[in-house]
Amino acid sequence: MRYLALLGIDETTSPKPDTPEFRAELERYERFHESAGDAILGGEAFEATSAAATVRHGDGGPLVTAGPYAETTEALGGFYVLEAETLDDAIELARRIPAAEDVGATLRPMVEWFSRATPGKGTRYLAAIYGKETEGDQPDTPGWQEGVTAHQRFMDAAGDAVLAGGALHPLATATTVRERDGEVIVTDGPFAESAEVVGGFYVLRAPSHDEAVGLAGRIPAEAVELRPIL
């Protein structure tokens, strides 16, 4: 089973780049990578939320605002795609992610995941899909299949700009993992409101911010949070 691990970050306390504290944080993640090995199928860290843009669809066309989808100190700092046989195995992996010791890591079972190497230059972006859950977010329903068709049209049109993507099971399947003083704390639901309506995501590549926003505006979703990848 594949799981998306959404990593929480508190930007008010997180270390700044090019500092000893930041290098120490990188070393913590390097140790996790070494211990997890092939269980990590993919993953990225994001630029600060100050670099985010949110694209919402309205009657008058896409509305673009600066900043993340939800204003909160506990924001998305990155993600992993993990391979684990059971949820317990995924929890054991997630507890070793440094984010679990800080804010938390939310696990979401994935319906599908793809990643492909395509030629090209430009900045990579996470495009996280937000919106109220509907019948179409339930796999194997007519609404789900309509969504699959719409997303396939987007990917066909975007071509090599789409580097990866994944669809998630509904929010009710979310599990948050925290580690405090050596004790693993497992709770149902996301680590913060900022993660509770993510229905899926793409990793996009674009030569400019404006073109990335244009791509995000074509994703069939109520709203998309666009985050440059670190």
What do you reckon, are the aromatic ring centroids of Phe79 and Phe201 less than 6.0 Å apart? yes
Would you please indicate if the ring centroids of Tyr202 and Phe154 are separated by under 6.0 Å?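 Tyr202 vs Phe154: aromatic centres under 6.0 Å.
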Mind checking salt bridge (charged side-chain N to carboxylate O under 4.0 Å, His left out) for Arg2 and listing every partner two or more places apart, or none if nothing turns up? Glu83
Donor-acceptor contact below 3.5 Å, side chain [X] vs main chain [Y]:
X      : Y      : value
Thr54  : Gly67  : yes
Arg108 : His169 : yes
Glu11  : Thr49  : yes
His57  : Ile219 : yes
Arg95  : Arg178 : no

Would you call Glu225-Arg227 a salt bridge at under 4.0 Å N-O?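 Counted as a salt bridge, because a side-chain N and a carboxylate O are separated by less than 4.0 Å.
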Could you give all pairs that pass the salt bridge (charged side-chain N to carboxylate O under 4.0 Å, His left out) test and reach residues 200-224, with sequence neighbours left out? none
Write out all pairs satisfying salt bridge (charged side-chain N to carboxylate O under 4.0 Å, His left out) with one or both partners inside residues 158-175, taking only residues at least two apart or from two chains. none
State, to 0.1 Å, how close [X] and [Y] come at their nearest heavy-atom pair, and which atoms those are.
X      : Y      : value
Ala84  : Ala90  : CB-N, 3.6 Å
Val177 : Ala100 : O-CB, 3.7 Å
Thr86  : Tyr3   : C-OH, 3.5 Å
Phe114 : Met155 : CZ-SD, 3.5 Å
Val162 : Arg116 : O-NE, 2.9 Å

Report the C-alpha separation of Asp102 and Arg28 in whole Å, then their side-chain angles, then the decisive distance to 0.1 Å, and conclude whether the salt bridge (charged side-chain N to carboxylate O under 4.0 Å, His left out) test is met. CA-CA 12 Å; Asp102 301 329; Arg28 294 171 69 200; 3.6 Å; yes
For the residue pair Leu204 and Arg124, establish whether any side-chain heavy-atom pair is separated by less than 4.5 Å. no
To the nearest 0.5 Å, tell me how far Glu47 CD sits from Leu126 CG. 12.5 Å
Inter-residue atom distance Leu82.CG - Leu4.CG, 0.5 Å rounding: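 The CG atom of Leu82 sits 8.5 Å away from the CG atom of Leu4.
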Taking everything shown except Asp156 itself, do over 12 heavy atoms lie less than 6.0 Å from its CG? yes
Taking atom types as modelled, find out whether Thr141 and Glu135 have a side-chain donor-acceptor pair closer than 3.5 angstrom.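 Per modelled atom types, Thr141 and Glu135 side chains form a pair under 3.5 Å.
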Single-linkage hydrophobic cluster Leu7~Val184, side-chain heavy atoms < 4.5 angstrom: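 Same hydrophobic cluster.
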